[in-house]
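Below is one structure, written out as structure tokens; comments come after it.
Every heavy atom of this structure was used, including side-chain atoms; hydrogens, water molecules and symmetry mates were not.
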Amino acid sequence: NWVGALIHSSNPQEFLYQAFVAQNGGDRPITLIFLFTLSQVVPTNLVNTIEYAPLILGPALIFITYLLTRELTSNEITSLFAAFLTSVSFQTLIGIYAGFYSNWFALIIGYLSFVFLIKFLRKSSKLTLLIYSASIMLLLFAHVYTWSVFLIASVIFLAVLLRLKYYSRKNITLLLLVLLTSVVLDIAKIALIGASSGVMQDIIIVHGGGIGLEQFALRWSNLIEIVQNWYGALFANSIILILGLYWMWLSNFRAQVNIFIMIFLSIGFSAVFLGNPGIQGRLLYDIPFQIPAALSLGYIRKQRSGSLIFLTICIMLISISFRALLNFNY
């Protein structure tokens with residue numbers, strides 16, 4: 001329906017109004033324009049075009065996760081493991097099952113923004129800062145709720161790195177200014193074009209009881225709901241979760257990659273204790289579980305008889321994914 005409104009626009013002005021304001025408050029205009037462009041290229045009906053969007057989103061997320069993991073770990077093998085795990089990850093399977101195309105599209109941009117954030121911290125350049133700034137602004141207009149999560153994660157990550165003096169204070173400050181600019185733009189677009197604001201929507205969610213202490217009393221029932229009932233029970237994939245716990249057991253939490261992962265996991269933990277199932281699902285979907293799982297797989301593979309355990313885990317993950325996919329067709 002949203003993309004259909006763009007298709008039936010009579011002029012460019014109406015097209016932009018539909019994308020940036022009218023459809024769902026303008027909270028995901030770039031994603032709608034992407035799907036509109038896809039519908040103009042692919043010679044089939046609109047429903048089929050949108051249903052096959054994962055053929056683009058899946059490989060794109062795999063590639064970006066590979067780049068992000070390589071930037072974080074400087075390890076080619078771990079990066080390949082993370083890419084493989086992305087193909088059987090929560091993001092891919094829930095993305096297909098729940099039609100999380102806006103979240104999925106924004107996730108690709110969000111992970112890409114972290115690639116250039118780390119690149120800029122290591123070796124500052126105007127081009128890297130420009131690409132990072134563009135990716136953050138693009139994320140804001142791709143899916144405003146995913147932007148909110150990445151904004152929080154980025155600010156905390158940069159604050160921790162600043163406290164630990166890992167990188168130049170000047171570089172960190174410049175990146176924080178880019179994030180602040182995106183917040184200003186997010187709030188300004190309410191007055192400028194009347195579009196939805198991520199900051200304001202987050203405040204509305206908190207005041208509406210989606211996140212808060214009242215959810216703490218319901219934490220166990222909410223957790224059961226998100227794991228067993230919502231999104232095809234795909235968050236119940238215990239193999240990926242156990243690999244994540246194994247990573248926590250092994251980790252040196254002063255390493256940059258581990259700081260990055262722990263920040264995202266902390267956001268997820270806060271959702272488990274303080275959020276309703278809808279909020280939990282949205283936040284858990286953004287966490288790159290495949291990266292700590294890949295680090296665990298790399299460690300397992302190096303152990304005695306580790307290759308056999310490694311192969312068994314991979315086969316089980318592929319089998320679970322195929323079983324889940326077969327259940328998607330009602």
Side-chain angles (χ1 to χ4, degrees), residues 20-21 25-31 64 68 71-72 102-103 105-207 210-211 256 259-268 270-271 274 279 282-283 286-288:
F20 283 87
V21 181
D27 61 359
R28 62 199 76 195
I30 299 298
T31 306
I64 296 301
L68 175 59
E71 204 64 42
L72 285 166
S102 296
N103 308 61
F105 184 74
L107 204 61
I108 293 165
I109 301 170
Y111 287 172
L112 183 64
S113 73
F114 263 106
V115 171
F116 287 99
L117 179 148
I118 296 165
K119 280 183 179 293
F120 183 77
L121 287 173
R122 287 180 175 164
K123 187 178 180 181
S124 60
S125 73
K126 291 181 180 179
L127 179 61
T128 307
L129 182 62
L130 181 63
I131 296 174
Y132 174 72
S133 303
S135 64
I136 289 296
M137 300 310 166
L138 194 62
L139 178 60
L140 173 62
F141 289 99
H143 191 244
V144 74
Y145 307 105
T146 304
W147 166 80
S148 297
V149 176
F150 274 82
L151 174 72
I152 295 168
S154 300
V155 169
I156 296 173
F157 182 64
L158 290 172
V160 172
L161 294 182
L162 182 63
R163 178 69 178 83
L164 296 175
K165 300 180 180 178
Y166 274 19
Y167 296 106
S168 162
R169 178 183 291 270
K170 177 185 175 183
N171 290 353
I172 294 175
T173 303
L174 285 171
L175 293 170
L176 287 170
L177 285 173
V178 171
L179 294 170
L180 178 60
T181 302
S182 71
V183 173
V184 172
L185 180 59
D186 173 68
I187 296 172
K189 66 181 183 175
I190 303 175
L192 294 175
I193 60 175
S196 176
S197 161
V199 173
M200 297 307 298
Q201 288 298 322
D202 291 342
I203 294 172
I204 291 170
I205 289 170
V206 171
H207 280 289
I211 297 178
Q256 178 179 265
I259 293 171
F260 171 82
I261 296 167
M262 276 307 302
I263 287 168
F264 270 98
L265 289 179
S266 298
I267 294 172
S270 66
L274 300 174
I279 299 300
R282 298 284 177 168
L283 291 176
D286 292 338
I287 297 174

Requested in this report: Mind running side chain to side chain contact (heavy atoms under 4.5 Å, CB included) on Y145 and R28 for me, showing each step along the way?
Outcome: CA-CA 9 Å; Y145 307 105; R28 62 199 76 195; 4.0 Å; yes
Heavy-atom check, side chain of [X] versus side chain of [Y], under 4.5 Å:
X    : Y    : answer
I287 : L283 : no
I118 : Q256 : yes
V144 : K189 : yes
L164 : I259 : yes

Distance from [X] atom [atom1] to [Y] atom [atom2], nearest 0.5 Å?
X    : Y    : atom1 : atom2 : answer
F157 : I263 : CZ    : CD1   : 6.0 Å
L72  : I261 : CG    : CD1   : 7.0 Å
I193 : F20  : CD1   : CZ    : 7.0 Å
L139 : L107 : CG    : CG    : 9.0 Å
L177 : L129 : CG    : CG    : 9.5 Å
L140 : S197 : CG    : OG    : 8.5 Å

Report task. Apply side chain to side chain contact (heavy atoms under 4.5 Å, CB included) to the pair F105 and H143, showing each step before the final yes or no. Result -> CA-CA 8 Å; F105 184 74; H143 191 244; over 6 Å; no
**Prompt:** Where do L158 and L179 land on the side chain to side chain contact (heavy atoms under 4.5 Å, CB included) test, with the steps shown first?
**Reply:** CA-CA 11 Å; L158 290 172; L179 294 170; 3.9 Å; yes
- Item | Verdict with supporting geometry, F260 and F264, ring-ring contact (aromatic ring centres under 6.0 Å, His included) | CA-CA 7 Å; F260 171 82; F264 270 98; 5.2 Å; yes
For side chain to side chain contact (heavy atoms under 4.5 Å, CB included), just list the numbers for M200 and I187, CA-CA rounded to whole Å, side-chain angles, deciding distance to a tenth of an Å, and then say yes or no.
CA-CA 8 Å; M200 297 307 298; I187 296 172; 5.7 Å; no
(request) Check the angle between the aromatic planes of F150 and F114 and answer parallel, tilted or perpendicular using the 30° and 60° thresholds. (result)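 F150 vs F114 ring planes: tilted.
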* Only one of I136, L138, D27 clears side-chain contact (heavy atoms from CB on, under 4.5 Å) with W147; which? ->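 Among I136, L138, D27, the one that satisfies the side-chain contact (heavy atoms from CB on, under 4.5 Å) with W147 is I136.
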